[in-house]
Peer 1: 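I have a structure here, written as structure tokens, and I will follow up with some questions on it.
Order of the sequence lines sets the chain letters (A, B, ...), proteins ahead of strands, with each chain counted from 1.
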2 protein chains.
Amino acid sequence: MQKDIDSKLNAKNIKPTAMRQLVLQVLTKQSTAISLPELENKFEKADKATLYRTLKTFEKNKLIHSIDDGTGSIKYALCKDSCECHPDDLHVHFLCTHCNQTYCLNDISVPNINLPSSFSLESVNMVVKGICSVCSK
Amino acid sequence: MQKDIDSKLNAKNIKPTAMRQLVLQVLTKQSTAISLPELENKFEKADKATLYRTLKTFEKNKLIHSIDDGTGSIKYALCKDSCECHPDDLHVHFLCTHCNQTYCLNDISVPNINLPSSFSLESVNMVVKGICSVCSK
DNA sequence: ATAATCTTTGCAACCCAGTTGCATGAACTT
DNA sequence: AAGTTCATGCAACTGGGTTGCAAAGATTAT
Ligand SMILES: [Mn+2]
Ligand SMILES: [Mn+2]
Ligand SMILES: [Zn+2]
Ligand SMILES: [Zn+2]
């Protein structure tokens with residue numbers, strides 16, 4: 001729904017340009033995280049830099065979050081409505097070594113870690129690798 | 001000790017060439033993980049490709065392990081003697097956002113995760129970001 | 001409405017870590 | 001000594017990410 005798209009953009013204070021609407025549409029359809037190169041391929045003809053800056057804008061305004069799954073390209077996924085990208089919102093990600101898809105395990109929050117003394121914690125990146133439910137059939 | 005260097009290489013079935021001795025020396029002196037570009041800088045004049053292949057050999061033979069801390073360059077650190085790079089040997093890594101150093105927290109093993117059904121686990125990458133003990137003084 | 005200003009877009013160029021091909025050189029085998 | 005295997009050095013390339021800059025579009029002030 002175009003309405004939903006625009007209101008989501010508005011809710012995060014992002015001006016709803018044509019490009020941004022299209023990108024958000026792709027992200028919404030997506031059930032797994034997507035990288036910039038993958039996003040490029042979803043369009044017949046689109047400029048990498050524009051898509052790049054669109055993703056950066058989305059990320060800055062907390063519409064999406066980025067995931068470094070170690071594959072060499074950063075992936076992006078929609079934040080939950082409730083998400084503020086605070087430490088509390090951190091969840092585990094899963095990379096399937098078979099299909100290369102990256103899943104947000106939104107229900108699995110990153111476990112607490114007791115750091116050595118005088119180490120302070122800012123954020124945690126936790127990526128589990130294995131075989132996803134689709135590929136394990 | 002040159003003796004130690006060679007015996008370590010031998011123990012992992014790596015032929016002790018001059019280059020490999022030098023690289024292992026650097027790695028041994030190092031208290032934090034080091035990247036390929038950083039390793040390059042430790043030498044007056046050394047070929048990137050050779051260093052690259054040296055690291056790959058070391059990693060394949062489980063003398064070192066690699067760490068993707070999200071900074072854009074893979075870092076490498078010596079394995080503990082006991083390490084076989086099995087899931088059991090997995091430990092947490094710490095990236096200081098101030099000095100950009102990456103630490104092996106060898107004593108902190110990666111916590112267990114209960115994956116959704118029909119997801120299977122192969123390995124886990126867990127990187128904690130924050131301020132290290134040196135920088136928090 | 002027009003002009004001035006700010007934002008977004010498209011294109012090209014660049015950066016940099018990582019990687020590969022290939023030829024030379026060193027070290028073992030026969 | 002000749003042949004084979006392995007290691008090294010150099011150069012070239014890849015691919016994701018990033019930036020400069022000018023044109024186009026949208027917003028605001030006059
Ligand atoms: Mn996620
Ligand atoms: Mn480590
Ligand atoms: Zn899969
Ligand atoms: Zn530090």
Peer 1: Assign a letter to each nucleotide of nucleotides 12-26 of chain C from its 5' end: B, base within under 4.0 Å of a protein heavy atom; S, sugar-phosphate only; -, no contact.
Peer 2: B----SBBBB-----
Peer 1: Does anything in residues 15-24 of chain B reach DNA chain C, meaning a heavy atom under 4.0 Å, and if so which residues?
Peer 2: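 Under 4.0 Å from DNA chain C: no residue of residues 15-24 of chain B.
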Peer 1: Which ILVMFWY residues are connected to B/Leu55, directly or by a chain of links, through side-chain heavy atoms under 4.5 Å apart?
Peer 2: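 Direct or chained contacts put B/Leu55 with B/Ile5, B/Leu9, B/Ile14, B/Met19, B/Leu22, B/Val23, B/Leu24, B/Val26, B/Leu27, B/Ile34, B/Leu36, B/Leu39, B/Phe43, B/Leu51, B/Tyr52, B/Phe58, B/Leu63, B/Ile64, B/Ile74, B/Tyr76, B/Leu78.
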Peer 1: Hydrophobic clustering (ILVMFWY, side-chain heavy atoms < 4.5 Å, transitive) - are A/Met126 and A/Ile67 grouped together?
Peer 2: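 In one cluster: no.
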Peer 1: Between B/Lys75 and B/Thr102, is any side-chain donor less than 3.5 angstrom from a side-chain acceptor?
Peer 2: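 Yes.
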Peer 1: Any pair with a residue in residues 104-132 of chain B that passes ring-ring contact (aromatic ring centres under 6.0 Å, His included), sequence neighbours left out, goes on the list, sorted by first then second residue, please.
Peer 2: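 Of all non-adjacent pairs touching residues 104-132 of chain B, those that pass ring-ring contact (aromatic ring centres under 6.0 Å, His included) are A/Phe94-B/Phe119, A/Tyr103-B/Phe119.
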Peer 1: Other than B/Leu95, which residues form its hydrophobic cluster under the rule that side-chain heavy atoms must be closer than 4.5 Å?
Peer 2: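 Answer for B/Leu95: B/Val127.
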Peer 1: A/Leu55 CG to D/dG17 P: how many Å, rounded?
Peer 2: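 Between P of D/dG17 and CG of A/Leu55: 9 Å.
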Peer 1: Can you tell me the distance, in whole Å, between the CZ atom of B/Phe43 and the C1' atom of D/dC10?
Peer 2: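 Rounding to the nearest Å, CZ of B/Phe43 and C1' of D/dC10 are 18 Å apart.
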Peer 1: Is there side-chain contact between B/Lys129 and A/Val124, with heavy atoms separated by less than 4.5 Å?
Peer 2: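 Not in contact.
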Peer 1: What residues form a side-chain hydrogen bond (donor to acceptor under 3.5 Å, both in side chains) with A/Gln101, not counting sequence neighbours?
Peer 2: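 Applying side-chain hydrogen bond (donor to acceptor under 3.5 Å, both in side chains) to A/Gln101 gives A/Thr32.
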Peer 1: Same cluster or not: A/Val92 versus A/Leu121, using hydrophobic residues (I, L, V, M, F, W, Y) connected whenever any side-chain heavy atoms lie under 4.5 Å apart?
Peer 2: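 Yes; A/Leu121 is reachable from A/Val92 via cluster members.
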